[in-house]
Amino acid sequence: MWLAKPVHDRHGVLLLRADTQLSSANIRMLKAWGAPEVWVQSDKEPDKDPQPEHDNDIKKMLEDELEKKFSDVKQDPVMAEIMRVAGKHLLNRYLRRKPG
Amino acid sequence: MNTDYLKRIVKRIDDLPTLPKTVLRITELVNNPKSSARDLAKIVSDDQVLTARLLRLVNSSFYGFPRKISTVTGAIVLLGFDAIRNLLLTTSVFDLFPTKDKANKLKQEKLWDHSLGCALGAKAIGNHLRYDNLEELFVSGLLHDIGKIVEMLFFPKDFDTITSRAESEGILMVAAEEQVLGYTHAEIGKLLAERWNLPFKLVSVIACHHHPENAGAYSHEAAIVHLSDILCRAMNTGAAGDNKIPPLNRAAWDTLQLEPGAIEPIMEEIDREFDDISLFMNTE
């Protein structure tokens with residue numbers, strides 16, 4: 001679950017920025033500071049909606065970038081695992097931050 | 001590398017930043033097992049800027065304490081000696097390098113972001129390995145590329161040549177530094193850390209984060225920062241000055257005895273905490 005708007009306490013102090021993922025630690029913190037309201041985004045899970053063409057282009061671009069970056073080291077199985085996780089992370093980050 | 005030549009260059013830089021004396025006194029005090037919270041509170045309280053900063057940070061949402069902490073002693077009791085030392089060291093180091101040149105502002109911010117990510121990563125790896133002193137790992141990660149900041153501010157033309165060459169030739173920044181300067185940011189960082197009288201462990205990690213096997217008794221800590229550096233580069237957390245990934249040092253990986261399945265949760269943790277910590281670091 002992601003924040004749709006920044007969260008402030010009753011005195012207007014910023015507690016969390018918009019687009020922050022709500023972890024259990026964050027929720028505890030918000031309760032502790034008495035956040036009066038929290039706006040969350042509707043789910044934007046990467047696998048739920050069919051990706052439009054633009055998203056596929058972005059995905060390809062991210063993959064190409066990672067290929068280039070890891071070209072000298074991806075033979076190492078640990079580095080291959082890091083590359084796999086990084087690819088997943090970068091795509092999720094893009095989908096999380098894209099407008100709409 | 002010609003060490004004497006490098007030392008002469010560093011010595012010549014009159015305005016090379018020095019750590020505030022209070023932070024050095026705090027470092028000494030924390031290292032003394034006979035020190036009490038009251039001793040530490042007295043030193044911090046004598047410095048109005050540090051007192052204000054400490055109270056602001058301890059009351060920030062980053063820590064999430066449900067009640068207001070209004071005394072330095074209260075902050076020390078809640079956070080502990082090491083955390084206070086590292087908190088003040090970290091924020092003081094940020095202050096030492098104000099960005100004067102607008103053109104370099106973005107580059108410097110990206111480099112700090114990379115360092116922050118690496119600090120979080122070192123802490124996350126240490127946490128996974130049940131390492132005792134996570135705050136120490138955090139500071140090691142934060143300062144591992146301090147030599148690059150020195151290059152950027154004191155050798156701006158060389159820094160531009162290095163980053164341009166790294167980009168055009170598709171090589172690591174450390175390789176471009178060897179070509180252009182004949183020495184690397186790790187060596188510059190080591191000299192600066194020594195000048196600041198930082199603990200030897202921290203000096204060793206800064207000097208050996210690309211070759212943890214050379215860090216002697218601290219090869220484990222250097223290996224943690226080495227891996228964290230790789231993870232942050234992979235995730236594009238900030239920018240380290242090049243667009244390549246350094247090879248994983250096999251001896252470092254073996255030292256850590258980390259299972260590959262741990263990589264994903266560690267990377268998730270870095271990502272999750274990055275927004276929170278950068279918010280706290282930017283607190284004015």
Side-chain angles (χ1 to χ4, degrees), chain A residues 1-3 6-35 38 61-94 96-97, chain B residues 56 59-68 117 121 167 170-172 175 227-237 239-240 242-250 252-254 256 258-280 282-284:
Chain A
M1 199 184 301
W2 302 87
L3 286 176
V7 183
H8 299 85
D9 70 7
R10 290 175 200 285
H11 307 290
V13 175
L14 178 66
L15 299 176
L16 288 174
R17 284 178 178 157
D19 287 329
T20 302
Q21 185 171 22
L22 273 178
S23 61
S24 51
N26 281 340
I27 293 169
R28 272 201 308 277
M29 185 271 286
L30 291 175
K31 280 183 183 171
W33 282 78
V38 172
M61 195 187 79
L62 292 173
E63 283 170 358
D64 289 348
E65 189 191 323
L66 275 176
E67 278 292 333
K68 196 174 160 191
K69 200 187 254 190
F70 278 80
S71 59
D72 300 333
V73 296
K74 65 178 182 180
Q75 297 77 12
D76 181 323
V78 178
M79 294 302 285
E81 170 65 4
I82 293 172
M83 183 176 162
R84 182 192 71 77
V85 178
K88 195 171 150 185
H89 161 83
L90 291 171
L91 183 61
N92 281 342
R93 184 159 67 184
Y94 158 72
R96 214 162 66 207
R97 291 180 179 176
Chain B
R56 193 178 64 219
N59 284 300
S60 73
S61 60
F62 182 71
Y63 286 104
F65 292 123
R67 64 184 171 82
K68 189 102 174 159
E167 189 180 343
I171 56 175
L172 285 165
L227 176 61
S228 181
D229 181 30
I230 289 174
L231 299 182
C232 290
R233 285 160 173 270
M235 291 195 295
N236 289 346
T237 305
D242 53 32
N243 199 27
K244 296 295 281 185
I245 299 276
L248 179 68
N249 183 296
R250 188 39 66 176
W253 178 254
D254 292 343
L256 295 177
L258 203 64
E259 67 282 11
I263 288 169
E264 187 157 1
I266 287 170
M267 288 169 85
E268 281 171 0
E269 190 173 333
I270 297 171
D271 185 42
R272 202 169 46 241
E273 293 203 357
F274 185 78
D275 283 344
D276 286 350
I277 189 86
S278 53
L279 183 70
F280 135 79
N282 289 330
T283 305
E284 289 298 331

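These figures come from a predicted structure and were not determined experimentally. To find a chain, count down the sequence lines: A is the first, B the second, and so on, and within it residues start at 1.
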**Item:** side chain to side chain contact (heavy atoms under 4.5 Å, CB included) between V85(A) and L231(B), intermediate numbers included
**Value:** CA-CA 10 Å; V85(A) 178; L231(B) 299 182; over 6 Å; no
**Request:** Return yes when atom CD of E167(B) has more than 12 non-hydrogen atoms of other residues, nucleotides or ligands closer than 6.0 Å, and no otherwise.
**Result:** no
**Asked** Which distance, rounded to the nearest 0.5 Å, do you find between the CE of M79(A) and the CD1 of I245(B)?
**Response** 5.5 Å
**Request:** Would you indicate whether the side-chain heavy atoms of V78(A) and L258(B) approach each other to under 4.5 Å?
**Result:** no
**Prompt:** Okay, side chain of K68(A), backbone of K244(B): is any donor-acceptor separation there less than 3.5 Å?
**Reply:** no
**Minimum heavy-atom distance between A234(B) and A86(A), given as atom pair plus value** = O-CB, 3.5 Å
**Asked** What part of M267(B) lies closer than 4.5 angstrom to a heavy atom of chain A: side chain, backbone, both or neither?
**Response** side chain
**Complete:** Whatever's closer than 4.5 Å to a heavy atom in chain A on R250(B) counts as side chain
**Message:** Can you tell me which portion of L227(B) sits under 4.5 Å from chain A's heavy atoms? Options are side chain, backbone, both or neither.
**Reply:** side chain
**Prompt:** Given a strict heavy-atom distance threshold of 4.5 Å, which part of I82(A) is in contact with chain B: side chain, backbone, both, or neither?
**Reply:** both
**Prompt:** side chain to side chain donor-acceptor pair (under 3.5 Å) with N236(B): which residues, sequence neighbours excluded?
**Reply:** E65(A), K69(A)
**Prompt:** Residues in side chain to side chain donor-acceptor pair (under 3.5 Å) with K88(A), at least two apart?
**Reply:** E264(B)
**Fill in**
From the list V73(A), D72(A), L66(A), the residue making the most non-hydrogen contacts under 4.5 Å with chain B is V73(A)
